[in-house]
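Working notes, structure below.
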Amino acid sequence: MREFWDSFKKNITFEKIIVRLIMAWLLTAIVFFLKSGDTFNSAAFAADINVPMYACFMLLFFAFFCGLGYMKVFSWAEVYGPMILVTLYGLVTISSNTDVTYLVGILAVLAVSITYAASHTRTFAEINETKIVVIIYIVAAVFYMLIAGTFTVLRYVNYSAPGFDFGIWVQMFHNMKTTLEPVTTVERNMTLSHFAVHFSPIYYLYLPFYFFFPYPVTLQVLQVITVASGIIPVYLLCKKFGLSKSATACFGIIFALFPTVATGCYYDLHENCFLIPLILWLFYAIEKDDIKGIIILSLLTMLVKEDAPVYIACIGIFTIFGKRKYIKGTVMTVSAVVYFLVVTTLMQKYGLGVMTYRYSNFMVDGAGSLMDVIRNFVTNPAYAIAECFGSEKYTFLLYMFAPLGALPVATKKVSQFILLLPMLIINLATDYQYQYSIFFQYVFGVTAILFYLAISNYAELGEKSRRFMCSFAICAAVIIMPVASLSKSWYISSYSDGKAQIEVLNDAMKSIPSGASVGATTFFVPHLANRTELYEYPYKFGKSPLPDYLVIDLRFYKITEQDEEYFKKNNYIETERIKGLYLILHLSLIHISEPTRH
């Protein structure tokens, strides 16, 4: 009897009662939120709750948690329970309120729950075998590829991928396969090398795969695999910095859950996807002092795009001041600057120039050059800071740093902050909204840099800080998933519900002769891009080609009087129409039979 009483007093302390009540409350809140299937963004939500029933659930869950307290096998529940339940609550509610202020609030509560867990244990889950870490990395990579691969492939299959930019890449690879030239007519409504717009020779690495599998979905899958391969240098960097097996496993999980690793793919293929593996491998080569690796990886990174030398230059400066590798860092920096100047000069002379308009916020009347950007940073730093850290960029910064537990900035080494310069230049200084959105490709390069900073900074921290930041990173990544990695899950239901419609559209696309020139509205462009001459209708860039066929997407495009006038003026004859789905017109100089109507 005395033993029972001692056990009872040990199990029913004031602290444990409070913790169990909080856990019961959180679990009850989750159950009632899921049961309601409604939004919580108004006082009406609470008014509809059956309070006695709510209290009964709380008491039931409280009794349940008290019962677990007597079982040693569940002793972890009271330590990790609040953290797990706060994460779960954030996960199920974030979709109902995507405002950044709510996310900040739930992350603040999460921080408190993790602080409690960290103060009640010396270590979190321990992993002692390398093979378990490897299995975790494989599962994490497969998990990521299944999510990102499924959504991006379905985006194309559902006729949701637009001509800009996926239609451009499909036609470009079609021409590369037949002529080896990166030529497209979609991009500017005239025959043009894509390199006149963006200098991206790295695309040729995909050509052998596309040659054997010449399908648009091949490009989507290749991008996902390319990004996923970045998990390999993440693992090697963790080993190089001497991280424990548990910490190494955590970074593999964080990589798979990190918002931009998936969301950067959701606007279809872009050359920037190469930046994640290449930059991470480059950091590994620098840490290993591998001269050949540094040279090859620096060159490959610069071949990604005309602005990619920015990453190499900044990494080179970091190598000089942070790693004290003066010769290697200087060569990297100088080479990057020279490469950038040569390529941009050639693009200015023979191509369409560099897209300086994306920094029009630093130019008078929106016109000028990159020198205006530099001049503003030097002579008017207050304005530059205001532009870089405007309120519209808070969400971007939160999504980039929270799922890494703020580890990229958790350092006393000033040299580490040099690596944040690319984020400042590429993502924050611009007023081009897509460059500071997690749903576009401009995040890939910075994502790789942040992972390197997180791993290297983690290695320098004390054990308590490590536990807190790593746990926070994983939990924050999980909470953000519904509005980031899983934000395109509706493509699945769209495909399931629209299979019949998709088949009709597929048949319509196949009915267009492969040798014919075509003008198509945006979501039809990728499906008609395996041809030499294709344009996006309505026409842009002051060009008005007269293709053999016009294919109009009636799901989203409304035919106007101006369109009707254009069809009549240029003798386009309607050949097939399905109401609310598509319209096909053919350029003809003679009268043809009445159109087929469905």
Side-chain angles (χ1 to χ4, degrees), residues 1 3-121 124-125 257 402 467-468 471-483 486:
M1 185 68 180
E3 289 180 4
F4 171 79
W5 181 246
D6 289 341
S7 175
F8 177 80
K9 288 193 295 183
K10 186 178 180 181
N11 189 49
I12 306 296
T13 64
F14 180 74
E15 179 184 325
K16 289 185 176 182
I17 290 173
I18 296 299
V19 171
R20 289 166 188 169
L21 278 173
I22 291 173
M23 290 166 63
W25 169 56
L26 285 169
L27 189 52
T28 302
I30 292 168
V31 169
F32 273 75
F33 177 81
L34 294 174
K35 180 177 176 291
S36 72
D38 202 354
T39 179
F40 63 89
N41 292 319
S42 72
F45 180 86
D48 293 335
I49 295 293
N50 185 323
V51 176
M53 182 67 71
Y54 197 93
C56 287
F57 266 84
M58 273 195 67
L59 288 173
L60 180 66
F61 288 137
F62 176 72
F64 172 73
F65 288 128
C66 286
L68 285 183
Y70 284 100
M71 305 178 191
K72 288 186 178 180
V73 70
F74 291 112
S75 59
W76 56 269
E78 288 177 347
V79 175
Y80 302 113
M83 176 180 75
I84 293 170
L85 290 171
V86 169
T87 301
L88 185 57
Y89 185 76
L91 176 67
V92 299
T93 58
I94 191 69
S95 295
S96 294
N97 189 343
T98 58
D99 189 89
V100 67
T101 54
Y102 175 67
L103 180 58
V104 169
I106 200 72
L107 291 179
V109 176
L110 174 65
V112 173
S113 66
I114 293 175
T115 300
Y116 173 80
S119 67
H120 284 72
T121 181
F124 286 170
L257 298 179
R467 291 205 307 272
F468 175 85
S471 301
F472 185 90
I474 292 178
C475 294
V478 169
I479 290 173
I480 292 171
M481 277 181 67
V483 292
L486 300 179

Inset, instruction - Classify the angle between the aromatic ring planes of F32 and Y54 as parallel (below 30°), tilted (30 to 60°) or perpendicular (above 60°). - result: tilted
State, with a plain yes or no, whether a side-chain heavy atom of [X] is found less than 4.5 Å away from one of [Y].
X	Y	result
L110	S113	yes
L107	F472	yes
L27	F57	no
M23	F64	no
I474	T87	no
H120	E15	yes
F61	V31	yes

Restricting to non-hydrogen atoms, name the atom on [X] and the atom on [Y] that form the minimum distance, rounded to 0.1 Å.
X	Y	result
F468	A111	CE1-O, 3.4 Å
V19	Y116	CG2-OH, 3.3 Å
A24	F65	N-CE1, 3.7 Å
A477	L257	CB-CB, 3.7 Å

Measuring from atom [atom1] of [X] to atom [atom2] of [Y], what distance do you get when rounded to the nearest 0.5 angstrom?
X	Y	atom1	atom2	result
L34	T93	CG	OG1	9.5 Å
M83	L85	CE	CG	10.0 Å
S471	Y80	OG	OH	8.0 Å
W25	I30	CH2	CD1	10.5 Å
C475	L91	SG	CG	11.0 Å
I49	K35	CD1	NZ	7.5 Å

Legend entry - Option among I480, V483, V478 that satisfies the side-chain contact (heavy atoms from CB on, under 4.5 Å) test with I94: V483
Inset, instruction - Evaluate the side chain to side chain contact (heavy atoms under 4.5 Å, CB included) criterion for residues L103 and I479: first the C-alpha distance (whole Å), next the side-chain angles of each, then the deciding distance (0.1 Å), finally the verdict. - result: CA-CA 9 Å; L103 180 58; I479 290 173; 4.1 Å; yes
